[in-house]
Amino acid sequence: MALPPLHDTIAAIATAPGSGAIGVVRLSGPESFRLAEQIFVTKRRLSALPGGRVIYGQLRDGSELIDEALALTFRAPHSYTAQDVIELQTHGGPAVLRAVLALCLRRGARLAGPGEFTLRAYLNGRIDLVQAEAVLDLVMAQSDQARRNANLGLSKALSRELDRIQMDLTGVYGNLQAVLDYPEEGVPESEFATPLRQALARCERLLATAKAGAMVRRGARLAIVGRPNVGKSSLLNALLGYPRSIVSELPGTTRDYLEAPLELDGVPITAIDTAGIRTATDTIEAIGVGAAKEIAAAADLTILLLDGSTPLTPDDHELLAELTPGRTLLAINKCDLPPAWSPAALGVAALPVSAARGSGLTELKQAIRERLIGEAAGSELWLSSERHAAALTRVMEALRRALNAPDDLAAIDLEEGLQALAEITGRGEIAEETLTYIFQHFCVGK
Ligand SMILES: Nc1nc2c(ncn2[C@@H]2O[C@H](COP(=O)(O)OP(=O)(O)OP(=O)(O)O)[C@@H](O)[C@H]2O)c(=O)[nH]1
Ligand SMILES: [Mg+2]
């Protein structure tokens with residue numbers, strides 16, 4: 001699919017659908033000012049104005065008044081798209097906004113496609129692709145951490161780190177080229193393998209944050225499993241801060257699984273309470289137990305809950321053996337009661353909690369967050385886009401190949417690595433399909 005033209009004038013409603021206090025219709029392109037002038041009646045000549053002005057006027061369709069409005073002027077290149085931009089601020093009713101947009105279109109503007117304003121900003125070189133994608137992430141951010149990550153992308157920190165890697169690799173590539181001209185010399189370790197390994201380490205650090213970044217953007221799934229009656233539903237309720245799941249002293253209370261949204265320090269989480277796992281007493285329970293195991297297997301993190309007040313059972317031991325250690329967090333519930341066994345018996349760390357009293361929850365939440373986003377939590381840079389992670393993985397593969405290849409082949413590997421790197425920022429050759437793919441996820445008007 002070809003990209004839309006860059007040099008005509010586009011228009012779109014920039015505010016969210018529905019009624020609001022104000023609404024914005026945005027115009028971008030060389031005719032923005034002249035076009036707005038025909039529908040926006042004011043004492044001044046709009047098309048003669050510089051950027052950075054806010055003027056009051058009336059939006060009119062011939063003799064009919066549509067709305068009183070403000071026009072905000074931006075002159076190229078000092079605007080979001082780096083083109084002439086007019087933003088018409090009206091009252092935020094859907095009928096008003098539709099009428100204003102229709103007027104713009106009748107006067108010759110083209111309806112903007114999804115993300116087309118941001119696409120223009122990118123094509124005009126005002127932002128790179130990492131920043132364009134960060135804009136999308138920012139608009140879509142559902143949690144504080146996702147918002148902070150998007151801003152990191154927007155702030156160019158990520159682009160700068162990628163540039164640094166690119167510069168290192170370009171340097172190595174140059175050294176390699178020089179040697180290819182005089183092959184008898186050979187390329188010294190310090191000009192090839194050492195800087196290449198350093199670049200690889202930088203890539204690795206970035207990629208390590210990708211899983212966490214995706215989790216923050218998409219949200220993580222946290223399962224609570226354990227044998228019946230250990231207090232799984234109580235723990236879910238305690239984490240949520242309100243009674244969502246039925247709690248009773250009867251083992252087998254929860255028969256189906258149950259999901260609830262929860263935000264832990266900026267990480268959006270779906271917490272899942274499951275049926276107690278044991279050899280089921282009836283068909284329905286068996287289905288619930290099967291579901292619980294599947295949920296634990298698919299979750300980003302599973303809390304295996306044990307009951308500290310009653311001796312461990314074969315069901316507990318079975319679960320301990322079955323669950324993947326890397327994705328399991330052990331917690332011992334009912335620590336308000338006298339202990340029936342020593343945590344040391346487990347041989348691995350487990351957090352004591354009391355779902356009933358609410359004790360140990362802060363530590364548990366901390367541990368959950370730590371396990372979900374780990375080292376990335378303290379990182380200044382996050383890779384949150386799957387596209388970036390995929391491209392960076394290709395960069396690293398190419399660098400590893402280069403390290404083990406003879407000089408002439410290493411040069412080809414390096415070229416591939418550089419190409420994959422440039423795809424992330426969009427400063428190299430980038431396929432139109434990739435751009436179309438990225439921008440189709442934007443809303444119209446952004
Ligand atoms: N003393 C004490 N009792 C608790 C605690 N947490 C849960 N209980 C009690 O343990 C019993 C079982 O709690 P639930 O939360 O229903 O346990 P569950 O693991 O969801 O049980 P199933 O749904 O049957 O698998 C209830 O009587 C709770 O009040 C705790 O921290 N301390
Ligand atoms: Mg339950």
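Please read these numbers as outputs of a predicted model, since none were measured by experiment.
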field: Check against side-chain contact (heavy atoms from CB on, under 4.5 Å), D128 and I424
entry: CA-CA 9 Å; D128 67 22; I424 304 181; over 6 Å; no
message: Between V225 and I272, is the side-chain contact (heavy atoms from CB on, under 4.5 Å) condition met? List the steps.
response: CA-CA 9 Å; V225 301; I272 314 156; over 6 Å; no
- request: Decide yes or no on side-chain contact (heavy atoms from CB on, under 4.5 Å) for Q419 and E415, but give the supporting numbers first.
  value: CA-CA 6 Å; Q419 165 64 24; E415 275 170 24; over 6 Å; no
task: For L222 and L264, run side-chain contact (heavy atoms from CB on, under 4.5 Å): C-alpha distance rounded to whole Å, both residues' side-chain angles, the deciding distance at 0.1 Å, then the answer.
output: CA-CA 11 Å; L222 172 73; L264 279 193; 5.6 Å; no
task: Could you please spell out the steps behind the side-chain hydrogen bond (donor to acceptor under 3.5 Å, both in side chains) verdict for T118 and Y80?
output: CA-CA 8 Å; T118 311; Y80 184 67; 2.8 Å; yes
- request: Evaluate the salt bridge (charged side-chain N to carboxylate O under 4.0 Å, His left out) criterion for residues D273 and K232: first the C-alpha distance (whole Å), next the side-chain angles of each, then the deciding distance (0.1 Å), finally the verdict.
  value: CA-CA 6 Å; D273 181 21; K232 299 177 295 299; 5.8 Å; no
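T328 is not listed as a side-chain neighbour of L301, based on a closest heavy-atom distance of 4.5 Å or more. Taking 4.5 Å as the limit, some side-chain heavy atom of L129 sits within range of a side-chain heavy atom of I438. Counting heavy atoms from C-beta outward, T436 and L3 have side chains that approach closer than 4.5 Å. The shortest distance between side-chain heavy atoms of N333 and V353 falls below 4.5 Å. Contact of the L196 side chain with the D168 side chain is not registered, since no non-hydrogen atoms from C-beta on lie closer than 4.5 Å. Two residues are said to be in side-chain contact when any heavy atoms from C-beta on lie closer than 4.5 Å; L330 and V348 meet this criterion. Contact check for P343 versus I332: side-chain heavy atoms found under the 4.5 Å cut-off. Side-chain contact between L306 and W341: present, with at least one pair of heavy atoms (C-beta onward) separated by less than 4.5 Å.
When all heavy atoms are compared, the tightest approach of R327 to A298 is NH1-C, 4.5 Å. Minimum heavy-atom separation, L262 to A271: CD2-CB, 4.3 Å. In plain terms, the two heavy atoms of S159 and Q131 that are nearest each other are OG-CG, 4.5 Å. Between T15 and V24, the shortest heavy-atom contact is OG1-N, 3.1 Å. Taking each heavy atom of A109 and A11 in turn, the nearest pair found is CB-CB, 3.9 Å. Considering every non-hydrogen atom in both T90 and A69, the closest pair reads CG2-CB, 4.1 Å.
D282 and R255 are joined by a salt bridge, as a carboxylate oxygen and a charged side-chain nitrogen come within less than 4.0 angstrom of each other. Salt bridge present: K334 and D307 bring a charged side-chain N and a carboxylate O closer than 4.0 Å. Taking the charged nitrogens against the carboxylate oxygens, R394 and E416 have no contact shorter than 4.0 Å, which rules out a salt bridge. E161 has a carboxylate O that lies under 4.0 Å from a charged side-chain N of R164, or vice versa, which qualifies the two as a salt bridge. Electrostatic pairing of R278 and D315 does not count as a salt bridge here, judged by no charged N lying under 4.0 Å from a carboxylate O. Ion pair E259/R244 not flagged as a salt bridge, since none of the NZ, NE, NH1 or NH2 atoms sits closer than 4.0 Å to an Asp/Glu carboxylate oxygen.
For the side-chain contact (heavy atoms from CB on, under 4.5 Å) test with Y122, the passing option among T81, V135, L435 is L435; the others fail.
If you take CG on L162 and CG on L392, they are separated by 7.0 Å, rounding to the nearest 0.5 Å. From I165, atom CD1 reaches atom CD of Q198 across 11.5 Å, with rounding to the nearest 0.5 Å. Here the CE-CG distance, from M215 to D300, works out to 3.5 Å after rounding to the nearest 0.5 Å. For the atom pair CD1 of I224 and CD1 of I295, the computed distance is 11.5 Å after rounding to the nearest 0.5 Å. Atoms CG and CZ, from L383 and R205 in turn, are 13.5 Å apart once rounded to the nearest 0.5 Å. Atoms CZ and SG, from R26 and C104 in turn, are 13.5 Å apart once rounded to the nearest 0.5 Å.
Between the side chain of D316 and the backbone N or O of T313 there is at least one donor-acceptor pair closer than 3.5 Å. With hydrogens and angles disregarded, a donor-acceptor distance shorter than 3.5 Å links the side chain of E116 to the backbone of G113. Panel note: side chain T194, backbone E189; a donor-acceptor pair is recorded below 3.5 Å. In this structure, E285 contributes its side chain and T281 its backbone to a donor-acceptor pair below 3.5 Å. The backbone N or O of E249 lies less than 3.5 Å from a partner atom in the side chain of N229, making a donor-acceptor pair. Under the 3.5 Å distance criterion, the side-chain polar atoms of N237 are matched with a main-chain donor or acceptor of S245. Panel note: side chain N175, backbone E191; a donor-acceptor pair is recorded below 3.5 Å. The closest donor-acceptor contact from the side chain of R371 to the backbone of L329 lies at 3.5 Å or more, if one exists at all. A side-chain donor-acceptor contact under 3.5 Å links S32 to the backbone of D84. With R400 contributing its side chain and L200 its backbone, the two residues share no donor-acceptor pair below 3.5 Å.
In this structure, L337 places its CG atom where more than 12 heavy-atom neighbours from other residues, nucleotides or ligands lie under 6.0 Å away. Annotation for I246: atom CD1 does not count as buried by contact number, only 12 or fewer foreign heavy atoms lying within 6.0 Å.
Counting only N and O atoms by type, the side chains of H388 and E133 include a donor and acceptor under 3.5 Å apart.
Under the 6.0 Å distance and 45° angle rule, K446 does not count as a cation-pi partner of F439. The cationic atom of R197 (NZ for Lys, CZ for Arg) does not lie both less than 6.0 Å from the six-membered ring centre of F192 and within 45° of the ring axis.
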